[in-house]
Amino acid sequence: MAMNATWGPGPTHPAREAQQAGSSIPAKRPGGWGARGYRPDWELNSRAATDTFHPAGLARPLLQLAALLDGNGTPQDVLTGGPARAHLASHRAATSPTAERTPASRPDAVRALRALYRLNLIDHTPETPHQAVRVHQLIQRAVRDTLTPDQHHQYARTAADALQTAWPAIERDTALAQALRANTQALIRITGGTLCRPDAHEVLYLLGESLGGSGRVGAAATYFQHLVDTVTSNLGADHPKTLTARGQLAHWQGFAGDAAGAAEAVADLLPDRVRVLGPDHPDTLATRRELARWRRVTWDLTGSATILADLLSDCLRVLGPDHPDTLTTRWTMARLQAISGDAAGSAIAFAELLADRDRVLGPHHPDTLTTRREVARWRGVDGDAEKAATILANLLPDCLRVLGPDDINTLITRRLLARFQRDAGDAAGAAAALTELLPDCLRVLGPDHNDTIITRREIALTLGATGNARGTVAAFADLLPDCRRALGADHYETLIVRPELANWQGVAGDAAGAAKAYTELAPHLARVLGDDHPDTFATRHSLAHWRARGNQP
């Protein structure tokens with residue numbers, strides 16, 4: 001049913017048919033909803049109708065919840081789930097003075113939605129479940145105007161509970177995730193700081209995490225900055241929920257390209273968490289792991305390794321060897337090992353971690369799937385591209401089934417599979433796979449996301465593998481400024497693209513240009529990575545090679 005300015009269906013709507021048949025169900029006047037957007041007797045008629053219309057006593061409290069959500073479309077599961085049904089049961093009108101209030105079932109909630117539809121108060125389209133319930137903003141405002149301050153607060157928390165319950169642990173359905181984000185944003189906009197009293201509701205954090213997980217990392221960082229300000233104002237700087245918001249802000253700040261700022265923010269957060277929560281609290285331990293992560297990204301590899309070695313000992317002591325946070329710490333250590341240049345050692349570490357995650361979490365847990373991917377990745381980097389491609393080909397169907405096609409880990413698995421197909425000799429197959437992947441990365445993650453940029457790098461390398469060296473140079477030349485702008489000059493990905501561009505310049509016949517590029521790159525790598533890093537050594541070797549090929553001194 002299409003929405004329009006007067007908000008109402010055509011002349012065959014059941015409410016009008018019922019009115020013509022002599023029913024007491026109210027219908028809108030031809031002139032619309034009056035000067036304030038609703039009829040002067042709206043409250044009287046809607047209360048009487050919604051309290052008596054079958055199922056008795058459920059339609060009005062359901063409309064009160066819908067009035068706090070996104071009028072452009074609310075998923076039906078939000079208004080028929082457990083929290084919404086508990087709200088309905090608490091407001092169910094007794095059918096007689098001695099009747100007891102009984103629980104509201106999901107079919108009861110659906111029938112209440114249909115009653116509201118027949119009463120001309122909502123648009124209900126179950127065939128579009130993610131936007132099944134739409135309510136005109138004038139009706140929403142009229143309903144909210146009838147609520148006392150206590151009801152407004154209570155119903156806002158109930159609506160937040162309903163959204164949280166409907167939110168899937170894994171966002172396989174991107175349309176559902178978008179609808180839940182829109183409804184949460186509407187609830188925040190309508191209710192102001194209500195969701196921060198007496199405590200910050202968990203749905204506030206789910207919204208930011210969903211933004212970041214959908215690829216909108218900059219929006220996630222901006223959102224968490226606003227949340228930090230709001231929660232600090234309502235709960236105080238030392239409240240645990242304030243500290244959680246600060247941690248999430250630092251996390252998405254880093255993923256948005258400001259790794260140095262993230263490292264600084266986490267370093268500032270850590271002493272506050274130790275003071276407020278204690279040194280052995282799981283959130284304190286997690287903050288130490290985040291600090292190690294961003295120290296690694298900013299190339300403080302020694303500092304990161306020191307933090308992780310101490311942290312693993314404390315995780316084993318406090319949490320035990322099978323706790324998910326202990327396993328995540330081992331993941332972070334294996335990742336550091338790889339970034340430090342030990343691909344073989346990293347592959348072994350990830351294989352050992354895989355066995356434990358498989359045993360503790362199960363073979364289809366998302367963490368187990370991503371660990372399988374890392375085993376393949378570092379085996380491939382260590383030289384066994386064929387085995388890596390085989391592992392990834394077997395992994396991809398599980399990622400599609402468990403995580404969904406738009407999950408970032410599924411996209412990474414597709415990219416790595418194409419990479420190692422190419423490295424194993426199938427450049428044409430890799431080119432076709434990457435050509436299909438890039439539009440999905442752009443759609444899901446956006447052009448500036450780290451993984452979109454890596455996909456463009458893999459496309460450039462695949463051009464070279466098919467013999468198009470000049471095309472590879474052009475692709476890397478286009479990519480490098482985007483890397484510097486989106487990720488920064490010292491980011492790991494930027495420091496991969498620069499030597500690749502230099503190398504392919506030489507392969508394409510410009511030995512002097514390659515030598516010049518490596519001459520500029522060598523001191524940069526020595527400063528960022530250190531003189532002893534394998535990539536620094538490789539750059540010096542390449543510089544000597546292209547100088548010799550170009551007969552330079």
>> Please determine whether side chain to side chain contact (heavy atoms under 4.5 Å, CB included) holds for the pair R293 and R335, giving the CA-CA distance in whole Å, both sets of side-chain angles, and the decisive distance to 0.1 Å.
In response: CA-CA 9 Å; R293 175 217 288 266; R335 186 75 172 161; over 6 Å; no
Kindly compute the distance separating [atom1] ([X]) from [atom2] ([Y]), expressed to the nearest 0.5 Å.
{"X": "L411", "Y": "I454", "atom1": "CG", "atom2": "CD1", "value": "12.0 Å"}
{"X": "Q140", "Y": "Q137", "atom1": "CD", "atom2": "CD", "value": "7.5 Å"}
{"X": "E202", "Y": "L204", "atom1": "CD", "atom2": "CG", "value": "8.5 Å"}
{"X": "E290", "Y": "R295", "atom1": "CD", "atom2": "CZ", "value": "13.0 Å"}
{"X": "L68", "Y": "I190", "atom1": "CG", "atom2": "CD1", "value": "6.0 Å"}
{"X": "T452", "Y": "R456", "atom1": "OG1", "atom2": "CZ", "value": "9.0 Å"}

How about [X] and [Y]: do any of their side-chain heavy atoms sit closer than 4.5 Å?
{"X": "H365", "Y": "V402", "value": "no"}
{"X": "D238", "Y": "R275", "value": "yes"}
{"X": "P240", "Y": "D283", "value": "no"}
{"X": "L396", "Y": "L400", "value": "yes"}
{"X": "L79", "Y": "L69", "value": "yes"}
{"X": "R330", "Y": "L327", "value": "yes"}
{"X": "D482", "Y": "D448", "value": "no"}
{"X": "L176", "Y": "P168", "value": "yes"}

Heavy-atom closest contact ([X] atom, [Y] atom, distance):
{"X": "D108", "Y": "P103", "value": "OD2-O, 4.0 Å"}
{"X": "A115", "Y": "A59", "value": "CB-CB, 4.4 Å"}
{"X": "A179", "Y": "P75", "value": "CB-CG, 3.9 Å"}
{"X": "V135", "Y": "L121", "value": "CG1-O, 3.8 Å"}
{"X": "A200", "Y": "K241", "value": "O-NZ, 2.6 Å"}
{"X": "L249", "Y": "A221", "value": "CD1-O, 3.3 Å"}

Side chains of [X] and [Y]: is there a donor and an acceptor less than 3.5 Å apart?
{"X": "H124", "Y": "Q76", "answer": "yes"}
{"X": "T455", "Y": "R415", "answer": "no"}
{"X": "Q131", "Y": "T125", "answer": "no"}
{"X": "N183", "Y": "T74", "answer": "yes"}
{"X": "R373", "Y": "N409", "answer": "yes"}
{"X": "T232", "Y": "D229", "answer": "no"}
{"X": "H239", "Y": "N234", "answer": "no"}
{"X": "R273", "Y": "T284", "answer": "no"}
{"X": "R357", "Y": "T368", "answer": "no"}

> After noting the C-alpha distance and the side-chain angles of L312 and L308, does the key distance pass the side chain to side chain contact (heavy atoms under 4.5 Å, CB included) rule?
Replying inline: CA-CA 6 Å; L312 181 59; L308 288 171; over 6 Å; no
> Can you pull the ring pair (Phe, Tyr, Trp, His ring centres under 6.0 Å) pairs that have at least one residue in residues 201-221, sequence neighbours excluded?
Replying inline: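 Non-adjacent pairs meeting ring pair (Phe, Tyr, Trp, His ring centres under 6.0 Å): zero.
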> Is it the case that more than 12 heavy atoms not belonging to H226 sit under 6.0 Å from its NE2 atom?
Replying inline: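 Counting other residues, nucleotides and ligands, NE2 of H226 stays at 12 neighbours or fewer.
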Backbone N or O of [Y] within a donor-acceptor pair of the [X] side chain at under 3.5 Å?
{"X": "R85", "Y": "T80", "answer": "yes"}
{"X": "H87", "Y": "P61", "answer": "yes"}
{"X": "R157", "Y": "R197", "answer": "yes"}
{"X": "T410", "Y": "G404", "answer": "yes"}
{"X": "T370", "Y": "D367", "answer": "yes"}
{"X": "D145", "Y": "A142", "answer": "no"}
{"X": "T146", "Y": "V143", "answer": "yes"}
{"X": "Q151", "Y": "T148", "answer": "yes"}
{"X": "H130", "Y": "L180", "answer": "no"}
{"X": "R118", "Y": "L113", "answer": "no"}

>> As a quick check of understanding, evaluate salt bridge (Lys or Arg N to Asp or Glu O under 4.0 Å) for D268 and R246, giving each step before the final call.
In response: CA-CA 10 Å; D268 290 342; R246 287 174 58 191; 5.9 Å; no
> Mind checking whether W331 and F350 have ring centres under 6.0 Å apart?
Replying inline: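 Between F350 and W331, which both carry aromatic rings, the centre distance is below 6.0 Å.
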> Can T244 and F224 be said to form a side chain to side chain contact (heavy atoms under 4.5 Å, CB included), step by step?
Replying inline: CA-CA 10 Å; T244 298; F224 274 113; over 6 Å; no
>> Would L211 and R181 count as a side chain to side chain contact (heavy atoms under 4.5 Å, CB included) here? Give the steps.
In response: CA-CA 8 Å; L211 280 170; R181 291 195 297 270; 3.9 Å; yes
> Please walk me through it: do R414 and D440 pass salt bridge (Lys or Arg N to Asp or Glu O under 4.0 Å)?
Replying inline: CA-CA 11 Å; R414 289 171 60 189; D440 290 337; 2.9 Å; yes
> Run the side-chain hydrogen bond (donor to acceptor under 3.5 Å, both in side chains) check on S210 and E171 step by step: do they pass?
Replying inline: CA-CA 8 Å; S210 181; E171 294 183 353; 2.8 Å; yes
>> Check R288 with D314, please: is the shortest side-chain N to carboxylate O separation under 4.0 Å?
In response: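 Looking at R288 together with D314, the answer is yes, because their closest N to O distance falls below 4.0 Å.
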